[in-house]
Amino acid sequence: MSKNTLTLRDNRTGKTLDLEIQQGVAGPPVVDIRSLYGEMGIFTLDPGFKSTASCTSQITFIDGEKGILLYRGYPIEQLAEKSSFSETAFLLMKGQLPNQQELDEFNDLLTHHTMVHEQLLNFYQGFRRDAHPMAIMVGVVGALSAFYHDSLDIHDPQHREISAIRLLAKIPTIAAASYKHSIGQPFIYPDNHLDYSSNLLKMLFAVPSEEYEVNPVIAQALDKILILHADHEQNASTSTVRLAGSTGANPFAAISAGISALWGPLHGGANEAVLNMLHEIGDVKHLPKYLKRATDPDDPFRLMGFGHRVYRNHDPRARVLREEAQKVLTALGRHDDPLFKLALELERIALEDDYFIKKKLYPNVDFYSGIIESAMGIPSNMFTVMFALARCVGWIAQWKEMIVDKDQVIGRPRQLYTGAAQRDYLPINKR
Ligand code: SDX
């Protein structure tokens, strides 16, 4: 028996199964259990997939114990400091950092796909003004598949490539339009002279009646926020995109499913929930009361923006965002922003609290992102839209990787059935 195996033994029958332990480039090793049911007639059960790898991937790596996040091997801190979102998007999708010519060509390609079909804009009229912008994103992104019948063959590499470019290029236009619709302002068309984040800011905040000047500090901070949110291995929304894509659904439909999953307050919706929580807490003097509630097992209140399924140390993105918040607020003359000071104090006392220390709960990416975006003038109901906009490239990269994965099959989990045993139908007069 090789020492590099995990031996399972069914003590009811004495039957054993040796599973080879496979070690990736980094992270915990795995055992491939695909043969388990066929060999042993047993399923595994893992609600929430806490001990289950759904795929092999080369895109993103997280070491939750050490608080490490790598995109294609590059530390997130270095990319946030030195890269741009479009360069990081190239890296995530292609696997390598581009040279100058490749980056220029990629940016040019994105720039010339930023406009949406004029008829797509009609979809917005079907939404009430007070519709949550995430509801609009789910609908409009899914509707893109109605406009690109010429490139929906997921087995055609060129169709996959043009769909990826269209999604990446158009998601800012669609996101900005969802904001403009909610405030009753006219949509602003993309400006091909601007880079990705500057163009997004202009589409969000320009109005036809006056010149709009992009604030370079805000544009740079936004670009960094997009880099930090771009991918995060097999999180709930990425797993949703992979599962939807595994059925052969077109990429627009799969990404729309990912947007829906991201919306939940336990996932990408947490950034909006953090701002709501900070407004509810209101003042540092109320922090002890809320911390007590957060640590009371009988109280459903949770500190939004804290805790993570994988990180049992600081989320490296939260650290970068905390520094960025300080920079942006200072640049905007709001270094005394009360919400930021409240968030810093909440983080300080939580990290000193035994409950949070014992459960290894740290601020995650959602804890500070809303404070920066709020300072930029982005309303809280748009925070998750910005998250979806950034994560779109991660979803696309993961979807493309899945489609060409030789191990790829339709995702179809099994279950442990605990319902009624078989029984016969009774006529209603006999019940
Ligand atoms: C994102 O997966 C990703 O990578 C996601 C993401 C990405 O980039 O895609 O990183 C983005 O979704 C970040 C997370 C944003 N969500 C929040 O901030 C919501 C608040 N946090 C949680 O509800 C919670 O921490 C989760 C959902 C993030 C993680 O949940 P888990 O892994 O299922 O852990 P858990 O809920 O079982 O928590 C473990 C313990 C529990 O106590 P016990 O049942 O063991 O007694 O810690 C407690 C929880 O009650 N706990 C918290 C807490 N988070 C967990 N207690 C108080 N406040 C919190 N925030």
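Each ligand, and each atom within it, is numbered from 1 in the order the structure gives. Since the model is a prediction, treat every value here as computed from it, not as a measurement.
- For atom 11 (C) of ligand 1, the closest non-hydrogen atom of the protein is His267 ND1, 3.7 Å.
- Looking at Lys359 against ligand 1, only its side chain comes within 4.0 Å, counting heavy atoms.
- Under the 4.0 angstrom criterion for non-hydrogen atoms, Gly305 is in contact with ligand 1.
- At a 4.0 Å heavy-atom cut-off, ligand 1 touches Arg391 through the side chain alone.
- Distance check for atom 39 (C) of ligand 1: every protein heavy atom is found at 4.0 Å or beyond.
- At least one N/O-N/O distance between Leu303 and ligand 1 falls below 3.5 Å.
- For Pro297, the heavy-atom gap to ligand 1 stays at 4.0 angstrom or more.
- Across the listed options Asp315, Leu266, Val365, Leu266 owns the non-hydrogen atom lying nearest to atom 23 (O) of ligand 1.
- Using a 4.0 Å cut-off to heavy atoms of Met304, the atoms of ligand 1 that qualify are 18 (O), 19 (C).
- Counting only heavy atoms of the protein, atom 15 (C) of ligand 1 lies nearest to Asp366 OD2, 3.2 Å.
- Contact annotation: for Phe367 versus ligand 1, there are no heavy atoms closer than 4.0 Å.
- From Ile171, atom CD1 reaches atom CG of Leu110 across 12.5 Å, with rounding to the nearest 0.5 Å.
- Between the side chains of Thr88 and Ser83, at least one donor-acceptor pair of N or O atoms lies under 3.5 Å.
- The shortest contact between atom 50 (O) of ligand 1 and any protein heavy atom is with Arg302 NH2, 3.0 Å.
- In Leu361, the part holding a heavy atom less than 4.0 Å from any atom of ligand 1 is the side chain.
- Here the shortest heavy-atom distance to atom 8 (O) of ligand 1, taken over His229, Met277, Arg317, belongs to Arg317.
- Protein heavy atom at the shortest distance from atom 22 (C) of ligand 1 is Phe306 O, 3.9 Å.
- The aromatic rings of His229 and Phe387 lie perpendicular to each other, with more than 60° between the two planes, well past the 30° mark.
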Q: Take Phe61 and His232, measure what ring-ring contact (aromatic ring centres under 6.0 Å, His included) needs, and give me the verdict at the end.
A: CA-CA 8 Å; Phe61 175 70; His232 213 237; over 10 Å; no
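- Centroid-to-centroid, the aromatic rings of Phe367 and Phe306 come within less than 6.0 Å.
- In terms of polar-atom proximity, defined here as any N/O pair under 3.5 Å, Arg312 makes no such contact with ligand 1.
- Which parts of ligand 1 touch Ala294 is read off a 4.0 Å heavy-atom cut-off, strictly below it: atoms 56 (N), 57 (C).
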